[in-house]
J.: 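Take a look at the following structure, please.
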Amino acid sequence: MAVTYSSTGTKAASQVKLDPEVFGIKDINHKLLNQAYVAYLSNGRLNLAQSKTRGLVRGGGKKPHPQKGTGRARSGSRRNPLWRGGGTIFGPTGYENYTKKLNLKAKRTAIIHALSALNLRDSISVIEDIKLKTPKSSELIKLLVKLNCANKYTLIVVDNVTDELKLASRNLTDVNVTAVKYLNTAKILDSDAVIFSKAALAGLIDWLSPAQKKSKQV
């Protein structure tokens with residue numbers, strides 16, 4: 001069961017029963033959660049590092065010193081990687097591929113286990129709908145206080161992100177708003193509390209619940 005609130009933030013008389021196939025997994029697969037989290041971070045990594053090899057370093061057209069007679073080790077270019085200011089050996093080229101692949105079934109299972117882990121801490125609540133009169137952060141903060149989510153990193157999951165909600169949460173560093181179709185394991189694991197709108201919860205169950213999929217196939 002999840003604590004349910006009205007759109008104004010008051011506790012509803014009846015609570016929403018959460019699907020045990022999505023929110024009731026007891027044996028959490030922590031290894032899968034780690035794989036999904038690392039894959040999310042790796043796929044968002046910007047490949048900006050790039051070093052110069054000896055072929056890209058400026059200069060080096062002239063032999064630094066005679067081959068013999070100086071007592072020094074022979075060298076043919078100042079771009080030698082062993083010299084200061086020379087090229088880099090095996091440095092980043094900017095073409096490295098850091099992406100990690102996770103199949104769709106594993107992604108869905110990871111989301112289910114992440115939601116179940118959060119539900120074990122009673123950190124999931126449901127709200128009828130989030131309708132802000134003005135796109136002000138103060139109005140959203142007042143609503144979060146009523147939902148007992150103050151001073152917590154809160155993830156708000158809605159069916160569609162409205163402009164008012166987007167603007168109201170933009171300056172709040174501890175509030176993340178996402179549409180249910182963009183929900184992923186990393187966003188769930190980074191949160192102390194998750195608030196679902198009823199429409200978003202219905203869409204999530206329709207997407208993740210194995211029972212729903214079997215009924216559709218029949």
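The structure displayed is predicted, hence computed values, not measured ones.
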J.: Between atom CD of Glu96 and atom CD of Gln50, what is the distance when rounded to the nearest 0.5 Å?
T.: 9.0 Å

J.: Short question: side chain of Ser51, backbone of Pro92 - any donor-acceptor pair under 3.5 Å?
T.: yes

J.: Quick check against the 3.5 Å criterion: does Asp206 have a side-chain atom that pairs as donor or acceptor with the backbone of Ala202?
T.: no

J.: Taking atom CG of Asn119 and atom CD1 of Ile112, what is their separation to the nearest 0.5 Å?
T.: 13.0 Å

J.: When you look at Leu140 and Ile156, which way does the side-chain contact (heavy atoms from CB on, under 4.5 Å) test go after all the steps?
T.: CA-CA 11 Å; Leu140 181 58; Ile156 300 175; 4.2 Å; yes

J.: Keeping the roles fixed (side chain from Glu139, backbone from Leu132), state whether a donor-acceptor pair exists under 3.5 Å.
T.: no

J.: Kindly give the heavy-atom pair with the smallest separation between Tyr5 and Lys11, and that separation in Å.
T.: CE2-CG, 3.7 Å

J.: Do you know which two heavy atoms are closest between Val57 and Arg79, and how far apart they sit?
T.: O-CD, 2.9 Å

J.: Report the C-alpha separation of Gln35 and Lys31 in whole Å, then their side-chain angles, then the decisive distance to 0.1 Å, and conclude whether the side-chain contact (heavy atoms from CB on, under 4.5 Å) test is met.
T.: CA-CA 6 Å; Gln35 289 177 349; Lys31 186 175 180 180; 4.0 Å; yes

J.: Using a 6.0 Å cut-off, check whether atom OH of Tyr40 has over 12 heavy atoms from anything other than its own residue.
T.: no

J.: Check whether any side-chain N or O of Asp159 sits under 3.5 Å from a backbone N or O of Ala200 as a donor-acceptor pair, and report yes or no.
T.: no

J.: Closest heavy-atom contact between Ala110 and Leu33?
T.: O-CD2, 3.2 Å

J.: Side chains of Leu143 and Ile127: closer than 4.5 Å at any heavy-atom pair?
T.: yes

J.: Hey, are Glu128 and Ser6 close enough side-chain-wise for a donor-acceptor pair under 3.5 Å?
T.: no

J.: Please confirm whether the backbone N or O of Lys152 pairs with a side-chain atom of Thr154, one donor and one acceptor, at under 3.5 Å?
T.: yes

J.: State, with a plain yes or no, whether a side-chain heavy atom of Ile195 is found less than 4.5 Å away from one of Leu147.
T.: yes

J.: With side-chain contact (heavy atoms from CB on, under 4.5 Å) as the criterion, how do Lys100 and Val38 come out once you've worked through the C-alpha distance, each side chain's angles and the decisive distance to 0.1 Å?
T.: CA-CA 8 Å; Lys100 296 181 182 295; Val38 171; 3.8 Å; yes

J.: How long is the span from the CG atom in Leu118 to the CG atom in Asp192, to the nearest 0.5 Å?
T.: 8.5 Å

J.: Taking Ser123 for its side chain and Ala193 for its backbone only, find out whether a donor-acceptor pair lies under 3.5 Å.
T.: no

J.: Between Glu164 and Thr162 (side chain of the first, backbone of the second, donor and acceptor by atom type, cut-off under 3.5 Å), is there such a pair?
T.: no

J.: Looking at CG of Leu172 and CZ of Arg170, how far apart are the two atoms once the value is rounded to the nearest 0.5 Å?
T.: 11.0 Å

J.: Verify side-chain contact (heavy atoms from CB on, under 4.5 Å) between Leu201 and Val16, making sure each step is shown before the conclusion.
T.: CA-CA 10 Å; Leu201 184 62; Val16 173; 3.8 Å; yes

J.: Which of parallel (below 30°), tilted (30 to 60°) and perpendicular (above 60°) describes Phe23 and Phe196?
T.: perpendicular

J.: Compare every heavy atom of Lys131 with every heavy atom of Asp129, then report the nearest pair and how far apart it is.
T.: OD2-CE, 3.1 Å

J.: Looking at every heavy atom in both Pro81 and Arg54, which two are closest together, and how far apart are they?
T.: CD-NH1, 3.7 Å

J.: Between Ser137 and Asn171, which heavy-atom pair has the shortest distance, and what is it?
T.: OG-CB, 4.3 Å

J.: Under the side-chain hydrogen bond (donor to acceptor under 3.5 Å, both in side chains) criterion, do Ser209 and Asp19 qualify, and how do the steps go?
T.: CA-CA 8 Å; Ser209 177; Asp19 190 339; 3.0 Å; yes

J.: Measuring from atom CG of Leu115 to atom CD1 of Ile25, what distance do you get when rounded to the nearest 0.5 angstrom?
T.: 10.5 Å

J.: When rounded to the nearest 0.5 angstrom, what is the spacing between CD1 in Ile130 and OG in Ser7?
T.: 10.0 Å

J.: Looking only at side chains, do Asn43 and Tyr98 share a donor and an acceptor under 3.5 Å apart?
T.: no

J.: Going through the checks in order, is the side-chain hydrogen bond (donor to acceptor under 3.5 Å, both in side chains) test met by Tyr37 and Asp190?
T.: CA-CA 10 Å; Tyr37 195 91; Asp190 283 340; 2.8 Å; yes

J.: For the residue pair Lys187 and Thr178, confirm or rule out a side-chain donor-acceptor distance under 3.5 Å.
T.: yes

J.: Do Ile28 and Ser116 have side chains that approach each other closer than 4.5 Å (heavy atoms only, starting at C-beta)?
T.: yes

